[in-house]
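Throughout, residue positions are numbered sequentially from 1 according to the sequence presented.
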Amino acid sequence: MKIQSKLPAVGTTIFTVMSALANEHDAINLSQGFPNYHSDTNLLKLVSKAMERGHNQYAPMSGLPELKTEIANKIAFVYGKQVDPVSDVTVTAGATQALFTAIAAFVHPGDEVILIEPAYDSYRPSIEAFGGVPVTYELAAPDYQIDWEAFQKLITPKTRMIMINTPQNPSASTYSKSDMENLERVTNGTNIIVVSDEVYEHIIFDGEEHQSVFRFPDLYKRSLLVYSFGKTFHTTGWKIGYCVGPPELMEEFNKIHQFNVFAVNRPMQHALADYLKTPEHYLGLNEFFQKKRDFFTEALVQSRFKVIPSKGTYFQLADYSAISDEPDTEFAKRLTKDHGVAAIPVSVFYSSGRDEKVVRFCFAKTMDMLEQAGRLLSKV
């Protein structure tokens, strides 16, 4: 049988490679972005309660009405934006599925999609799977800021979509109010759809306010916003998220969603609907993760790594150019094998393989693990 791959250049992801390497060498795994501690036992009990009550069959296609209502209430509470839970909200099997579905719904062969890199690794292959043409704008270390005049030059009559991510993985940078106003300006009067990946919305530091698309009414009219309960409630393995947007966009989104996933895990939706009723369950994340960020960066003070400020997410970038001139992928592998700490090389998040001698650490870990990692990294 002759198979013509839709993604001939795609192999095993760096996350799988580095996690396997960490396991092989019994290294501290700060590579893949998941916590090593338990989620709230109250949330777990709510899942069990829902199962015991018999909520074990298919949920409605676009999500449990109670959960969609609580999502809309949360958006109103946090951002002051009113959305219709019936027409504007869809519960998804994680944020990655929401991103894939948004691309599937609107990108046709030959359409251009602007990616801001370094970018989450699912974006490009999802675009290419539907015949879209990725057009990249590269951010540069250490600031990872957008030059909007240069960015605007990438927009052509073929531009169908722009994908943004704030707070941004892997750079741990954030978009300012000015950035969002510029995005609103350059897309005004076009048919461009904006997909805003905001899964780290509640993990933003130093008293800054998350500049969600919800805060910009004209931008919202052309946008799909994607979120993750896994990132918010330390349950990445549950793979539950949601997508929000204007009804005319969500109608097309749901056409794909119903044949891609149809319905998402029902008992967990019941649990999340109850859990969201208490805003404190998500409003304390900034402080929770800032303590971990500060603890980890303090542990690196005596090292030869140069810490690049983390403004959001639970990732920390570090420049290792004072240690080695190796390509970042080789350095990350050697760091795992020889020094017992696994990281992710940032070049893999660039289509061009841009290598600025920077690696990414995940600090969504217990303090004792971060302390141990800091001691090992200080010896590199």
Would you call the rings of [X] and [Y] parallel, tilted or perpendicular, taking 30° and 60° as the class edges?
| X | Y | result |
| --- | --- | --- |
| F253 | H257 | parallel |
| Y242 | F229 | tilted |
| H234 | F288 | tilted |

So, the side chain of [X] versus the backbone of [Y]: is there a donor-acceptor pair under 3.5 Å, distance only?
| X | Y | result |
| --- | --- | --- |
| D111 | V133 | no |
| D328 | D355 | no |
| S212 | R215 | no |
| Q316 | I308 | yes |
| T336 | A332 | yes |
| S228 | G230 | yes |
| S310 | F315 | yes |
| R160 | N191 | yes |

Would you confirm whether the ring centroid of Y137 sits within less than 6.0 angstrom of the ring centroid of F151? yes
Review point. Would the F361 and F296 ring centres measure less than 6.0 Å apart?
Key: yes
Search all heavy atoms of [X] against all heavy atoms of [Y] and return the closest pair with its distance.
| X | Y | result |
| --- | --- | --- |
| R360 | V346 | N-CG2, 4.1 Å |
| T236 | G33 | CG2-O, 4.2 Å |
| C362 | L370 | O-CD2, 4.4 Å |
| S19 | Q32 | OG-OE1, 2.9 Å |
| V261 | Q97 | CG2-CD, 3.4 Å |
| I203 | K231 | CD1-O, 4.4 Å |

Separation of [Y] [atom2] from [X] [atom1] (nearest 0.5 Å):
| X | Y | atom1 | atom2 | answer |
| --- | --- | --- | --- | --- |
| L183 | L219 | CG | CG | 5.0 Å |
| I192 | I162 | CD1 | CD1 | 4.5 Å |
| L317 | E356 | CG | CD | 10.0 Å |
| T101 | F259 | OG1 | CZ | 12.5 Å |
| M180 | T174 | CE | OG1 | 11.0 Å |
| Q82 | F214 | CD | CZ | 11.0 Å |

Using 4.0 Å as the upper bound for N to carboxylate O, is an ion pair formed by [Y] and [X]?
| X | Y | result |
| --- | --- | --- |
| E330 | R334 | no |
| K49 | E52 | no |
| D179 | K177 | no |
| D274 | K277 | yes |
| R354 | E138 | yes |
| R124 | E128 | yes |
| E24 | K337 | no |

With distance as the sole criterion, is a donor-acceptor pair present between the side chains of [X] and [Y] under 3.5 Å?
| X | Y | answer |
| --- | --- | --- |
| E201 | Y79 | yes |
| E66 | T69 | no |
| S62 | N254 | no |
| R185 | N182 | yes |
| T13 | T16 | yes |
| T278 | E280 | no |
| Y123 | D197 | yes |

In the structure I gave you, are the side-chain heavy atoms of [X] and [Y] within less than 4.5 Å of one another anywhere?
| X | Y | answer |
| --- | --- | --- |
| H270 | V47 | no |
| Y320 | V380 | no |
| F349 | E117 | no |
| L46 | N42 | no |

Take a 6.0 Å sphere around [atom1] of [X] and say whether it holds more than 12 heavy atoms from other residues, nucleotides or ligands.
| X | atom1 | value |
| --- | --- | --- |
| Y58 | OH | no |
| E248 | CD | yes |
| K333 | NZ | no |
| D294 | CG | yes |
| E371 | CD | yes |
| Q258 | CD | yes |

Answer yes or no on whether [X] is positioned over the face of [Y], meaning its NZ or CZ is under 6.0 Å from the six-membered ring centre and within 45° of the axis.
| X | Y | value |
| --- | --- | --- |
| R293 | F363 | no |
| K365 | F34 | yes |
| K74 | Y282 | yes |

Please tell me whether I75 and I240 are part of a single hydrophobic cluster in this structure, the criterion being side-chain heavy atoms less than 4.5 Å apart. yes
Report task. Tell me whether I155 is reachable from M163 by hopping between hydrophobic residues (I, L, V, M, F, W, Y) whose side-chain heavy atoms are closer than 4.5 Å. Result -> no
Which of F295, Y314, F205, Y200 passes ring pair (Phe, Tyr, Trp, His ring centres under 6.0 Å) with F289? It is Y314
*Verify side-chain contact (heavy atoms from CB on, under 4.5 Å) between L139 and I146, making sure each step is shown before the conclusion.*
CA-CA 7 Å; L139 303 175; I146 299 173; 3.6 Å; yes
Under the side-chain hydrogen bond (donor to acceptor under 3.5 Å, both in side chains) rule, what do Q302 and S378 come out as? Steps first, then yes or no, please.
-> CA-CA 6 Å; Q302 301 303 320; S378 293; over 6 Å; no
Taking it one step at a time, do E112 and T156 satisfy side-chain hydrogen bond (donor to acceptor under 3.5 Å, both in side chains)? CA-CA 8 Å; E112 294 178 353; T156 74; 2.8 Å; yes
Verdict with reasoning, E198 to Y227, per side-chain hydrogen bond (donor to acceptor under 3.5 Å, both in side chains): CA-CA 6 Å; E198 301 186 14; Y227 297 91; 2.8 Å; yes
(request) Could you walk me through whether Y120 and T96 pass side-chain hydrogen bond (donor to acceptor under 3.5 Å, both in side chains), step by step? (result) CA-CA 10 Å; Y120 180 55; T96 301; 2.8 Å; yes
